[in-house]
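Below: one structure, written as structure tokens.
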Amino acid sequence: MSKSRREFLTQTSLGFIGAAVVSSASAQEHGNELAQEPTPLPPGAPPAFGTGPAVGPDVSPATFAEAEKLVQVQLTSADRALAAETWRVNLAPVYERRTGPRAVALESSLAPFSRYNSILPGQQAGPQRDQFIRSKNDPGPLPTNDADIAFAPVTQLSRWIEQRKISSERLTQIYLRRLEQFNPKLRCVITLTGELALAQAKKADEEIAAGKYRGPLHGIPWGGKDLLDTAGIPTTYGAEPFRNRVPKEDAAVVKRLHAAGAVLVAKLSLGALALNDIWFGGQTVNPWLLEEGASGSSAGPGAATAAGLVGFSVGSETGGSIVSPSMRCGVTGLRPTYGRVPRTGAMTLCWSLDKLGPMTRSVEDALLVLQAISGPDAGDISSVPSRLDFDAGASIKGLRVGYFPGWMKEDPATAVDRAALEMLPKLGLVPVEVSLPNWPYDSLNLILFAEGAAAFEELTLSHGVDQLKVQTPDAWPNLFRQSRFLSAVDFVQTDRFRRKVAGELARIFSQVDLLLVPSLRDEMLTISNHTGHPSLTFRAGFVEVSEARSDWAPDPKNPLPKFSPPRRVPHGITLLGQLFEEGTLGRVGIALERAFAVADQRPPSF
């Protein structure tokens with residue numbers, strides 16, 4: 001009876017693996033004389049694993065025994081011996097792309113072939129119409145005090161500029177002076193772009209005088225997190241190895257804000273390579289509590305916006321980098337749906353997680369900025385067409401707001417979060433209890449660690465990460481090195497788990513229109529970043545703290561400052577929306593912001 005093709009391939013593969021093992025063992029006995037010779041194949045034989053030359057360093061069963069501890073698997077002695085004997089012909093060759101004679105460099109702009117899609121099969125996500133109706137409130141008279149002007153929201157600033165009650169040039173000069181005055185205290189600016197800003201402001205004034213008003217961001221000074229490329233202006237990623245890096249082209253988001261007539265006044269700080277709040281210039285601090293960091297990694301946008309040093313800013317988030325500094329510094333942070341805002345020209349940390357979004361002093365401001373920067377770009381293969389349906393004055397009555405009862409009763413929820421929950425029915429919103437399975441959601445961070453280590457592989461292997469200011473166990477240098485030992489199989493399994501988690505969140509959103517969650521609840525920060533759902537974080541009240549807060553793991557050698565009496569600091573809540581439903585988040589956020597009536601309070605001494 002003739003053999004089936006499957007039987008033929010199985011037996012052929014095993015036969016050639018066996019031959020390779022003999023060849024490898026013989027080569028080791030005779031000085032590797034035969035190690036580079038491929039096993040000859042008879043005519044007509046299909047390709048099989050394990051038939052190429054043996055490459056790479058020798059490994060032993062002891063090598064595998066130690067490596068098993070890293071990935072938490074256990075082989076038998078026989079399995080371990082066979083794996084060691086055949087490693088050099090079976091799996092070592094897959095590293096040729098990086099270590100072999102035909103090594104191939106991977107450009108930093110090259111994204112993985114596989115990509116994450118927030119929309120699950122069968123889902124129709126987002127609004128079916130494009131509509132953007134901003135509030136029509138009279139901005140009132142222009143204040144006589146420069147600080148009062150500086151702290152005004154974009155909704156007011158834009159009307160004053162449109163009505164020519166203030167020029168863009170004067171407004172820009174106000175912010176430039178404040179940046180120079182307060183940056184030494186906050187350490188939130190990496191590069192001041194005064195020359196460019198004044199030129200853009202002058203152009204804006206000329207256009208507005210000529211009747212060519214571009215919209216609500218025309219003439220408004222802003223600051224960009226220093227991972228957004230700016231042509232001819234340093235973009236440093238907050239990291240020592242890149243502090244002299246000067247791009248030749250603007251990032252897509254920068255181009256769009258230039259096109260909207262916005263005025264770039266500063267490149268703002270970020271924790272090195274987008275982690276926490278320490279960069280090569282020091283630690284960016286919270287304007288409300290100067291003894292603690294501003295939180296990260298969008299530390300500079302958070303601090304500068306809170307202190308009235310910019311009209312608005314643009315930050316980024318991979319796992320909490322907009323939400324956390326918005327909480328800490330008491331500003332509004334809008335993390336858009338994954339894919340809505342293109343990341344072309346922005347530093348890549350994690351292709352399937354990175355998102356760019358506005359950080360502002362009011363909810364409506366965030367929507368004004370989002371409208372200007374939304375839409376696909378050819379340079380970001382994950383960016384997609386989307387609609388934005390926003391009406392600042394539309395009713396919110398009857399919208400269902402999901403919440404997790406247990407989460408509201410325990411840390412990190414506070415009295416502010418519980419007060420927000422109690423506010424919902426007073427505004428005509430319908431609270432709905434929801435739940436999630438008790439799964440190990442932190443396992444999803446394997447994706448972040450693996451993609452981050454891949455994005456900065458060359459910097460890690462060349463020891464460039466050794467130059468970073470922070471070398472603690474929970475900083476990128478150590479995490480990137482450790483991530484080399486994550487299992488590829490576990491990466492795929494985690495990616496499958498990610499889809500399973502996305503299905504659970506889709507189930508919840510089939511029951512509610514949005515979610516109210518404690519902003520820093522670890523499970524939901526992780527889940528929603530991995531599923532790509534949008535979030536809106538904004539100030540809802542104040543709490544008292546008796547100890548400074550930190551993004552870093554506790555270090556007994558460097559205890560955090562304690563306060564007696566406790567200090568008053570802002571506290572924000574977070575709304576999570578359905579995919580591409582930022583307009584709904586904005587409408588509900590505006591209503592809650594008005595009800596809380598705390599958005600206009602300023603940090604002391606600024």
Test item: [X] and [Y] side chains (from C-beta on) under 4.5 Å apart, heavy atoms:
X	Y	result
Thr584	Gln578	no
Val588	Leu399	yes
Lys255	Glu249	yes
Trp160	Pro141	no
Pro139	Gln163	yes
Ser321	Lys225	yes
Phe538	Leu592	yes
Leu290	Leu186	yes

Within the 6.0 Å centroid threshold, strictly below: Trp222 and Tyr175: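 Trp222 vs Tyr175: aromatic centres not under 6.0 Å.
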Rounded to the nearest 0.5 Å, how far apart are [atom1] of [X] and [atom2] of [Y]?
X	Y	atom1	atom2	value
Leu421	Tyr403	CG	OH	5.5 Å
Asp380	Ser109	CG	OG	11.5 Å
Asp365	Leu334	CG	CG	11.5 Å
Leu367	Thr155	CG	OG1	11.5 Å
Lys165	Leu157	NZ	CG	12.5 Å
Asp138	Gln156	CG	CD	9.5 Å

If every non-hydrogen atom of [X] is compared with every non-hydrogen atom of [Y], which pair is closest and at what distance?
X	Y	result
Gly281	Arg187	O-CD, 3.6 Å
Arg340	Phe580	NH2-O, 3.0 Å
Ala266	Leu192	CB-CD1, 4.3 Å

Near [X] [atom1], under 6.0 Å, is it more than 12 heavy atoms from other residues, nucleotides or ligands?
X	atom1	answer
Arg164	CZ	no
Glu195	CD	no
Lys212	NZ	no

Just checking, is any N or O donor in the side chain of [X] or [Y] under 3.5 Å from an acceptor N or O on the other one?
X	Y	result
Asp205	Ser168	no
Thr236	Asp226	yes
Gln131	Asp391	no
Ser158	Arg134	yes
Thr235	Thr230	yes
His533	Ser528	no
Gln601	Arg568	yes
Glu582	Thr337	yes

Check against side-chain contact (heavy atoms from CB on, under 4.5 Å), Val263 and Leu257: CA-CA 8 Å; Val263 174; Leu257 289 172; over 6 Å; no
Just do the side-chain contact (heavy atoms from CB on, under 4.5 Å) check on Met524 and Phe404 with the steps written out, would you?
CA-CA 11 Å; Met524 191 49 75; Phe404 298 84; 3.8 Å; yes
*Only counting residues at least two apart or in another chain, list the ones meeting side-chain contact (heavy atoms from CB on, under 4.5 Å) with Arg214.*
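For Arg214 the side-chain contact (heavy atoms from CB on, under 4.5 Å) partners, ignoring immediate neighbours, are Lys203, Glu207, His218.
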Paired with Thr574, the side-chain contact (heavy atoms from CB on, under 4.5 Å) test is passed by just one of Leu536, Val517, Leu585, namely Val517
Test log, rule side-chain contact (heavy atoms from CB on, under 4.5 Å), inputs Arg539 and Thr332:
CA-CA 7 Å; Arg539 191 191 309 174; Thr332 297; over 6 Å; no
* Compute both the distance and the angle, then confirm whether Lys185 meets the cation-pi test with Phe606: under 6.0 Å from the six-membered ring centre, within 45 degrees of the axis. =>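 Output yes; distance and angle both within limits.
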Between [X] and [Y], is there a donor-acceptor pair closer than 3.5 Å when you use the side chain of the first and the backbone of the second?
X	Y	answer
Trp288	Cys329	yes
Asp389	Arg129	no
Arg328	Gly293	yes

Taking Arg343 first and then Asp377, would you say they form a salt bridge - that is, a charged N and a carboxylate O separated by under 4.0 Å?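 A salt bridge is absent here (no side-chain N lies under 4.0 Å from a carboxylate O).
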Carefully, step by step, assess Lys355 and Val341 under the rule side-chain contact (heavy atoms from CB on, under 4.5 Å). CA-CA 7 Å; Lys355 297 161 284 284; Val341 177; over 6 Å; no
Inset, instruction - Evaluate the ring planes of Phe132 and Phe390, with Trp represented by its six-membered ring, and classify them as parallel (under 30°), tilted (30 to 60°) or perpendicular (over 60°). - result: tilted
*Would you sort out whether Ser382 and Tyr338 count as a side chain to side chain donor-acceptor pair (under 3.5 Å), showing the intermediate values?*
CA-CA 8 Å; Ser382 295; Tyr338 177 81; 3.1 Å; yes
